[in-house]
Amino acid sequence: MDKTYDHKTTEDRIYKMWEEAGAFKPFGSAHGKPFGSAHGKPFGSAHGKPFGSAHGKPFGSAHGKPFGSLPPEADKQGKPFSIIMPPPNANGELHLGHAIFVAVSDALIRYHRMRGEPTLWLPGVDHAGILTQVTFEKKLRKEQDKSRYDLGREEFVKQCYKFCMDNKMLMENQLRALGASCDWQREKFTMDPQISQLVLETFIKMHREGLVYRGFRIVNWCPRCRSTLADLELEWKEQEDQLYFVRYPKTWEEGYVIVATTRVEPIWLDTHLAVNPTDKKNLHLIGKNVKNPLTGKDMKIIGDEFVDPKFGTGVVKLTPAHDSKDYQVAIKHNIPIKNGIDFDGKLTSDAGQWAGLKTKVARQLISEYLSKNNLLEKIVPFKHEVAVCERCATTIEPLVSRQWFVSIKPLAKRATTAVETGKVKIIPKKYEAMYFNWMKNIRDWPISRQIWWGQQLPVWYGRSSQKTTEQIHEFELLKKGDTRSRTDVLESPIVSQDMPAGDDEYIQDPDTFDTWFSSGQWPVNTLKNSDTNDFKHFYPTTVMNTAYEILFLWVARMIMFGLYLTDEVPFQVALINGVLRDEKGQKMSKSKSNGINPNEAIAKYGADAVRMALLAGRDSGNDLLISKQQMEERIRGYRNFSNKLWNIGRFVSMQFTDGSPVDIPFYEDLVAARKTLHPQDRRILSQLTMQINRVTKALDNYNFGEATSSLYEFTWHTYADWYLENLKLRIRTYELEKKHEETAKTLSVMRYIYFTILKLLHPFMPFVTEEIWHLMPIESKNLLITASWPTRSED
RNA sequence: GGACUCGUAGCUCAGCUGGUAGAGCGUUGCAUUCACAUUGCAAAUGUCAGAGGUUCGAAUCCUCUCGGGUCCACCA
């Protein structure tokens, strides 16, 4: 063994060895197979001299049994443990946030595998609809100076697919580099044809049962993506705008009613103003009429509680089609709702001289017009929050459109109950409150997207059902594959997997599903789509480990879909990870380059060190605020720890290399003689028992910080600094006094403790522990990854 | 507006069901052919945000105040 542990020459080799031995399979052939057989070489040969043979005394050979406890026989009847990997988005590399879920999930997976349970970690990647489409569009613009329209839908989708596949490979390699012991043969992609098929079936089933419907209502529209977005897909950005105080001429006397608004561009569309009926100052206005300052048409003033008397002048204009609050009010008061802004974010042809202008331009021109005609009281600067597209940061244009919605209340009700009754536990518990709060206020979920990258809706329109000229016109456009046509004007959708039979001519709805509609079904669909009966064995899965950012987007939806599709929860525990932030509290991201790149960190310090740095001494459910530099120091600290562990290994094996005069007995054979052991040996043994119990309990409770830091403390400061230092002195004395039996007993204890430490550390530091395990002087041995988890009661 | 959460050593954070404070990094000494300088030994620093309450006893439970953060929601 070299003086320092070199992760660079170790990690790849070890990972390949695990994979080739089939160690990641839930019912693997690797279980119980002695190490080396997969390679057809005797143990240790890869590293030079097999220990012991040179000295003729491999320890344990005299007893003819393998060292340590028996390996687990993963038993098909045993209680399974399973995790479905949250599929990383197929649009880029992994960041350190992903490394958290690998560190956490892999620790659990390895722990349960060592306990002999059939253990499955199923990997996958997500096509990430809008996000990937936007990312790829940027790439397209940059590299080929083309838009998606230049490629056309078919070609665009083809290239998007390839883009995802390329990224997928990169991510797989990163997951391997981190040591993720997932079963690659079961890997899934959300756009796999079989997975997509199941997604469509779900939609059809929900439609049949009245859980999805097509509704005409206000939606969040991104003019750049040209698609609807759900509320959860918005971001709120503070913006410096202007508040225009617009004069509406009174009809019953001279003068104006003043309205404060940031949006003057749809004024021509407006037919009503509103005041709060409890507002004494403006109460008298209710029922009166003013003139629309742009069109001169009469506008009625109504009363509604929603108006804040303290804002502006206490009078608001209503633009029902382009403001969701106004929309609600309009429904309530039966005010006609008319679109004045189209899918491209331009004013419609009804806007007269402003027709066809982008809203931003129109705002400027209209304010100038108002000003010129003495209809503008004043303009004041105004800071407020504006909704933007989460993916491309374009300002959202609320508009009224016909979209597909999931009728969410019935699903939410069951999902709420599942958590209330503990069928799904959310850990840390604090997230349960957030979950309930969200479920309580949940609104129907728009699932149709007008983007190209995703599963296309199994919805068809027949030509004969289209009656108006507009409908027929759009039908023709769609038929020609015109991607700018409006689907939402078409009438009488038919929900069906295949094109409906019959004499009529049909076209398929070009819309795709919201990404989360498909990933919400992920645990069900990944397991169902297997030829190994995984659904039967592993559903409901045990743990879902992911970040809280997607608690609602994903976790909540999986619970809803899981219950809907299978009547069972999709997982028993939702284990929520905190996120990494920089010293200013900003989320770490590639674009801000305020975080450590996992590839570089692994290359420099090893995956074990990176994993430990993310787990040790912290609560993985909490955020970690840490600067790039401090993170690196942290990782270096655990690299040092791997090296310490390595050097302890060197010391341990050195005790056996120069042939002691007696065989070193197995610790197991010493149990009867326990009382004759030196007090220090007895003490370390009882501390080991406590340590085993502590780590086991911590893992059962998802306390990774506790498990890792107590192991760190025990290994370094108890075992190495205290026990081994004292042991050196004792051995010297024993040898001087020719008490070889005492030496043998002590070395046996020393070895037993060390091997147990390797096992306990393996879930957290898989590479270095596995490597040391193989370099330890023992003749026949299994892989550490499938060695059995230590248990110990006081002998 | 609603919900949640945090405030512990210079920094980043642990501290589970209440019993007079811990780690890592950093700082300061000392040690070096002995498994490891990616090391060892030793040392210093805290009215656990503030106030009140429950208790024999609170960083730990309750209330309030101050100060951060996050999430949800239709702020013109």
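Only heavy atoms go into these numbers, but all of them, side chains included; no hydrogens, no water, no symmetry mates. Reminder, nothing fancy here: chain letters follow the sequence lines and each chain counts from 1.
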Exercise. Please list all pairs passing the salt bridge (Lys or Arg N to Asp or Glu O under 4.0 Å) test where one or both residues lie in residues 632-652 of chain A, with sequence neighbours left out.
Key: A:K604-A:E632

Quiz prompt | For A:F651, side chain to side chain contact (heavy atoms under 4.5 Å, CB included) partners two or more places apart | solution = A:Q655, A:L724, A:L727, A:K728, A:M750

Quiz item: What residues, two or more places apart in sequence or in another chain, satisfy side-chain hydrogen bond (donor to acceptor under 3.5 Å, both in side chains) together with A:D444?
Solution: A:Y213

Quiz item: Are A:L614 and A:I635 close enough that some pair of their side-chain heavy atoms sits under 4.5 Å apart?
Solution: no

Self-check item: Strand RNA chain B in bracket notation, Watson-Crick/G-U under 3.5 Å with | for pairs to another chain
Solution: (((((((..((((........)))).(((((.......))))).....(((((.......))))))))))))....

Exercise. Please identify each residue that fulfils side-chain hydrogen bond (donor to acceptor under 3.5 Å, both in side chains) with A:D700, with sequence neighbours left out.
Key: A:Y111

Quiz prompt | All side-chain hydrogen bond (donor to acceptor under 3.5 Å, both in side chains) counterparts of A:K3, not counting sequence neighbours | solution = none

Quiz item: Quick one: what's the B/S/- string for nucleotides 28-40 of chain B, heavy-atom cutoff under 4.0 Å, read 5' to 3'?
Solution: -------BB-BSS

Quiz prompt | side-chain hydrogen bond (donor to acceptor under 3.5 Å, both in side chains): pairs with one or both residues in residues 608-620 of chain A, sequence neighbours excluded | solution = A:D106-A:R611

Quiz item: For A:I286, which residues count as a side chain to side chain contact (heavy atoms under 4.5 Å, CB included) partner, sequence neighbours excluded?
Solution: A:V275, A:P277, A:L283

Self-check item: A:L553: partners by side chain to side chain contact (heavy atoms under 4.5 Å, CB included), with sequence neighbours left out
Solution: A:L232, A:W516, A:I550, A:R557

Self-check item: Pairs involving residues 300-316 of chain A, ordered by first then second residue, that meet side-chain hydrogen bond (donor to acceptor under 3.5 Å, both in side chains) (sequence neighbours left out)
Solution: A:D304-A:K332, A:D304-A:H333

Just the atom pairs and distances: protein N or O near nucleotides 11-13 of chain B's N or O, under 3.5 Å.
residue : atom : partner : partner atom : Å
B:C11   : O2'  : A:Q630  : OE1          : 3.3
B:C11   : O2'  : A:Q630  : NE2          : 3.4
B:C11   : O2   : A:Q630  : NE2          : 3.3
B:U12   : O4'  : A:Q630  : OE1          : 3.3
B:U12   : O3'  : A:L625  : O            : 2.4
B:C13   : OP1  : A:L625  : N            : 2.5
B:C13   : OP1  : A:L625  : O            : 3.4
B:C13   : O2'  : A:G617  : O            : 2.9

Quiz item: NA contact type, A:L232, heavy-atom cut-off 4.0 Å: base, sugar-phosphate, or nothing?
Solution: sugar-phosphate

Practice problem: Considering only atom P, compute the distance from B:G18 to B:C56 and round it to an integer number of Å. | Solution: 15 Å

Quiz prompt | Sugar-phosphate only, base, or nothing, as touched by A:N441 at under 4.0 Å among non-hydrogen atoms | solution = nothing

Exercise. With heavy atoms under 4.0 Å as the rule, sort A:D231 into base, sugar-phosphate or nothing.
Key: sugar-phosphate

Quiz item: If we take the C1' atom in both B:U20 and B:U60, what is their distance in whole Å?
Solution: 13 Å

Quiz item: Which part of the nucleic acid, if any, lies within reach of A:S709 when heavy atoms closer than 4.0 Å are counted: base, sugar-phosphate only, or nothing?
Solution: nothing

